[in-house]
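For reference, the structure is listed below as structure tokens.
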Amino acid sequence: MHEKTFIPFHVPSIGEEEIREVEATLRSGWLTTGPRTAQFEKDFAAYAGAPYAVAVNSATAGLHLALAALGVSEGDEVVTTPLTFCSTVTTILHVGARPVLADIDEDGNIDPREIEKAITRKTRAIVPVHLAGLPCDMRAIWELARRHGLFVIEDAAHAAGARYEGRMIGNASEGAPASDAVVFSFYATKNMTTGEGGMITTPHESLASRMRMLSLHGMSRDAWNRYTERGSWYYEVIAQGFKYNLTDIQSALGIHQLRKLESFIEKRARYAAMYNELFDGLEQLELPPESPRSRHAWHLYVPRLNLETLDIDRQQFIEELRLRGIGTSVHFIPIPLHPFFARMSLDAQSCRRALALFERIVSLPLYPAMSEEQVRFVASNVREILETAQAPVHAMLTEAGSRS
Ligand SMILES: *Cc1c(COP(=O)(O)O)cnc(C)c1O
């Protein structure tokens, strides 16, 4: 029905440069991890200002790899947020550790005060998530980690190109505080994509080489660098590894996506500002949180419905947008609401703010392949739906308010 006008929740931006590089890779005869992955790692490290970068085949793999390489394991606890994608939590389970959820702050990110309450003698690591591309309060998190001797692994799946206090997420310049590992996602819907893929940055040389080794079966040498006295056939398995390496076909995409990332983010920020302006004065909607300390990567534009002013709920709002040809999503269904995590007695009581916010959030289309006209179309439909859906009691109150 809406074939012509439907605005999907996401459309990736793949250009001729990416297509030519993938073709060149296919013609080169080297398909798996090789020279293009080495270049992608080097370029990404330079972009983020990180001493080391290890390419992996997903952020999920990256989170698992970082936890495993740091030695987090059975008997350990890892504190993370309830408002995240499932794999932030499942990767903690993959290493045999226990995930502990600490509730969110007003901005939707994990609240450092809640982290502090969740820390026990078993806590080994904190995994903060920069929700929607808005950096967490890292200063407070690093301070907690320092005081309690904990690792910090940032889930930066939304935050490629975000900045915190002037430094890129992933930056680890000499002397400045930094996390042990920062994990980025290049999944198809993220700010830059390799179809599937991820990157881990770290300030530690030994951790980088351990993650690299574990990412390829725990082998002492990878295929590209394999050369020993016995020839290129020889390798040794020195640890229980994984199959988490990124292929050169994917890195061919990543090299060019990375070059475009700044312009992608500029466009995302411009569209987010347009939305903010077009929603100005609409009391049924609370605009997405921002922080003067940070550059938002604007991976997602997530306004919050002021439900008490409305006679529809979030589901009806989403359905109404769909009927008008607009795709949306919700980021995220809080972890304790999934049957699998609920069964593990992941304490929903400690996630009250996440559960309350969940009812109000909707992710609107926001990506560089959108046109300004489409942004305006989405905004005017949101406005129209919400203005018509004003709760009767609230309508009376606002009318009375404007008369007095
Ligand atoms: C997308 C996402 C992941 C997983 O990324 P993959 O590359 O698909 O494995 C992890 N955490 C968050 C917050 C995400 O949005």
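Given the structure is predicted, the values throughout are model-derived calculations rather than measurements. Atoms within a ligand are numbered from 1 in the order they appear, just like the ligands themselves.
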Under 3.5 Å between any N/O of Thr84 and any N/O of ligand 1: does that happen in this structure?
no

Close approach, [X] and ligand 1, non-hydrogen under 4.0 angstrom:
| X | answer |
| --- | --- |
| His331 | no |
| Gly62 | no |
| Gly198 | no |

Once the angle between the rings of His296 and Trp298 is folded into 0 to 90°, is it parallel (under 30°), tilted (30 to 60°) or perpendicular (over 60°)?
parallel

Assign the ring pair Phe184 / Phe44 to parallel, tilted or perpendicular, where the plane angle (0 to 90°) is split at 30° and 60°.
perpendicular

Residue portion contacting ligand 1 (non-hydrogen atoms closer than 4.0 Å) for [X]:
| X | result |
| --- | --- |
| Thr60 | both |
| Ala59 | both |
| Ser58 | both |

Atoms in ligand 1 with a heavy atom of Tyr187 nearer than 4.0 Å:
8 (O)

If you count the atoms of ligand 1 from 1 in the order shown, which ones are under 4.0 Å from a heavy atom of Val129?
13 (C)

For Gly254, is there any backbone N or O sitting under 3.5 Å from a side-chain donor or acceptor partner on Thr194?
no

Salt bridge between Arg322 and Glu319, side-chain N to carboxylate O under 4.0 Å?
yes

Pick, from Phe186, Phe184, Phe85, the option with the minimum heavy-atom distance to atom 3 (C) of ligand 1.
Phe85

Have a look at His158, Lys190, His64 and point out the one with the heavy atom closest to atom 2 (C) of ligand 1.
Lys190

Kindly indicate whether a cation-pi arrangement holds for Arg324 with Phe6, taking the cut-offs as under 6.0 Å to the six-membered ring centre and within 45° of the axis.
no

Between Asn245 and Ser215: side-chain donor-acceptor atoms closer than 3.5 Å
no

